[in-house]
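Reviewing the structure listed below.
Every value quoted in this text rests on a predicted model; they were computed, and no experiment measured them. Chain letters run A, B, ... following the sequence lines, proteins first, then strands; residues in each count from 1.
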2 protein chains.
Amino acid sequence: MVVESARARTLSHVDPAEVPLQTALDALADPVRRSILRDLASHDDWTRACGTFDLPVKKATASHHFAVLRSAGLIEQRDEGARRLNRLRREEFDRSFPGLLSATVDRAD
Amino acid sequence: MVVESARARTLSHVDPAEVPLQTALDALADPVRRSILRDLASHDDWTRACGTFDLPVKKATASHHFAVLRSAGLIEQRDEGARRLNRLRREEFDRSFPGLLSATVDRAD
DNA sequence: CATAGTGTTCGATCCTTGTCGTACAGTTAT
DNA sequence: ATAACTGTACGACAAGGATCGAACACTATG
């Protein structure tokens, strides 16, 4: 029988439909977070652990950014051993905010 | 002969095509500014002076928000007597950031 | 001219948030 | 068990920006 680890149990995900536009825009208005999203958009789901992103910030800051993205309904996270894998919630987010991801992530700065 | 007033001469407008995505997102991420844009979107061009908006901030703050919107290429302003009239730069902005205005302004919060 | 109206500019203040170091928890490997 | 690795939590700090009052410039009106 497979049991969730205590660490994974603390991972709460929000329904993108419940996310206020303000929260979504605040999340998307940071360049480091957009960089994370673009990276996710160009790879298969669940193939990128938090530590595999090439970011211009320390790991404590990176961890903060992943938490912001998760609480804005932009990414989903899943623990796999010591790693935390990520997935862009493209479809769900697009349903709540049509065109927003496309206008901000599928695009150069 | 019609001469621009000294006040109008100081009004500089940017080309939305030259606006960085970061600047556009920063401008759109404020609720007071989105309120201004929605108001403009629902009225004819050049019919709304700065003072005619019902905003929850004092006039000094409102003036700041209009300046931010202008420097982000989101609005155009023109002086008419003592009033400063506004216009949403819908088409130009859409050309540079397709879908962004639609996703943030043509929508409730 | 004097007064009222419209909007900007300038400091000052306050609050948010991005950033980091450190400590900690859980996992994997030796 | 010990060590290395992955990621989070917490406290502190600094920078940016939203806010306001007051002073100012320009315009319109009496």
Side-chain angles (χ1 to χ4, degrees), chain A residues 2-13 20 22-37 40 46-72 75-87, chain B residues 2-13 20 22-37 40 46-72 75-87:
Chain A
V2 175
V3 178
E4 289 179 344
S5 74
R7 183 146 161 268
R9 195 171 293 125
T10 71
L11 261 182
S12 69
H13 287 89
Q22 186 65 59
T23 303
L25 285 177
D26 286 340
L28 290 169
D30 183 276
V32 175
R33 290 195 283 266
R34 284 199 303 281
S35 159
I36 293 173
L37 295 176
L40 287 174
W46 307 122
T47 60
R48 314 293 315 275
C50 295
T52 67
F53 292 77
D54 188 24
L55 301 175
V57 293
K58 300 301 178 187
K59 66 174 183 174
T61 303
S63 181
H64 162 68
H65 285 307
F66 281 104
V68 171
L69 289 173
R70 198 178 63 227
S71 67
I75 65 171
E76 187 180 351
Q77 299 189 295
R78 184 179 57 176
D79 285 335
E80 183 136 322
R83 302 244 181 102
R84 183 159 285 187
L85 302 181
N86 299 276
R87 175 182 86 85
Chain B
V2 176
V3 179
E4 287 178 345
S5 75
R7 183 147 161 265
R9 193 170 295 125
T10 70
L11 261 181
S12 69
H13 286 88
Q22 185 65 59
T23 302
L25 286 177
D26 286 340
L28 290 169
D30 183 276
V32 175
R33 290 195 284 267
R34 284 199 302 283
S35 159
I36 293 173
L37 295 176
L40 287 174
W46 307 122
T47 61
R48 313 293 316 277
C50 296
T52 67
F53 293 77
D54 189 24
L55 302 175
V57 293
K58 299 302 177 188
K59 66 174 183 172
T61 305
S63 182
H64 162 68
H65 285 307
F66 281 103
V68 170
L69 289 173
R70 199 178 63 225
S71 68
I75 66 172
E76 186 180 352
Q77 298 188 297
R78 183 178 57 174
D79 286 336
E80 184 135 322
R83 303 245 182 98
R84 184 157 285 186
L85 301 181
N86 299 276
R87 175 181 86 85

Give the rounded distance in Å between these two atoms: [atom1] of [X] and [atom2] of [N].
X	N	atom1	atom2	answer
L55(A)	dT6(D)	CG	C1'	15 Å
R78(A)	dT6(D)	CZ	P	19 Å
K59(A)	dG26(C)	NZ	C1'	12 Å
H65(B)	dG16(D)	NE2	C1'	14 Å
L69(B)	dA18(D)	CG	P	10 Å
H64(A)	dC20(C)	NE2	P	11 Å
D79(B)	dT6(C)	CG	P	14 Å
K58(A)	dC10(D)	NZ	P	23 Å

Q.
Exactly one of E76(A), R70(A), Q77(A) should register a side chain to side chain donor-acceptor pair (under 3.5 Å) with N86(A). Which one does?
A. Q77(A)
Q) How long is the gap from CG on L25(A) to CG on D30(B), to the nearest 0.5 Å? A) 10.5 Å
Using a 3.5 Å distance criterion without hydrogens, assess whether the side chain of [X] forms a donor-acceptor pair with backbone atoms of [Y].
X	Y	value
T52(B)	R48(B)	no
R84(A)	C50(A)	no
R33(A)	D26(A)	yes

**Q.** Minimum-distance nucleotide (side-chain atoms of R84(B) versus dC20(C), dT6(C), dT8(C))
**A.** dT8(C)
Q: Measure from the side chain of A60(A), starting at C-beta and using heavy atoms only, and say which of dC20(C), dG5(C), dG7(D) lies closest.
A: dC20(C)
Q. Would you say T61(A) reaches dT19(C)'s phosphate, i.e. side-chain N/O to OP1/OP2 under 4.0 Å?
A. no
Q: Using a 4.0 Å heavy-atom cut-off across all strands, classify A49(A) as base, sugar-phosphate, or nothing.
A: sugar-phosphate
Q: Nearest-nucleotide wise, let me know which of P56(A) and F66(B) is further upstream toward the 5' end of DNA chain C.
A: F66(B)
Q | Residues within residues 26-37 of chain A bordering DNA chain D, heavy-atom distance below 4.0 Å | A | none
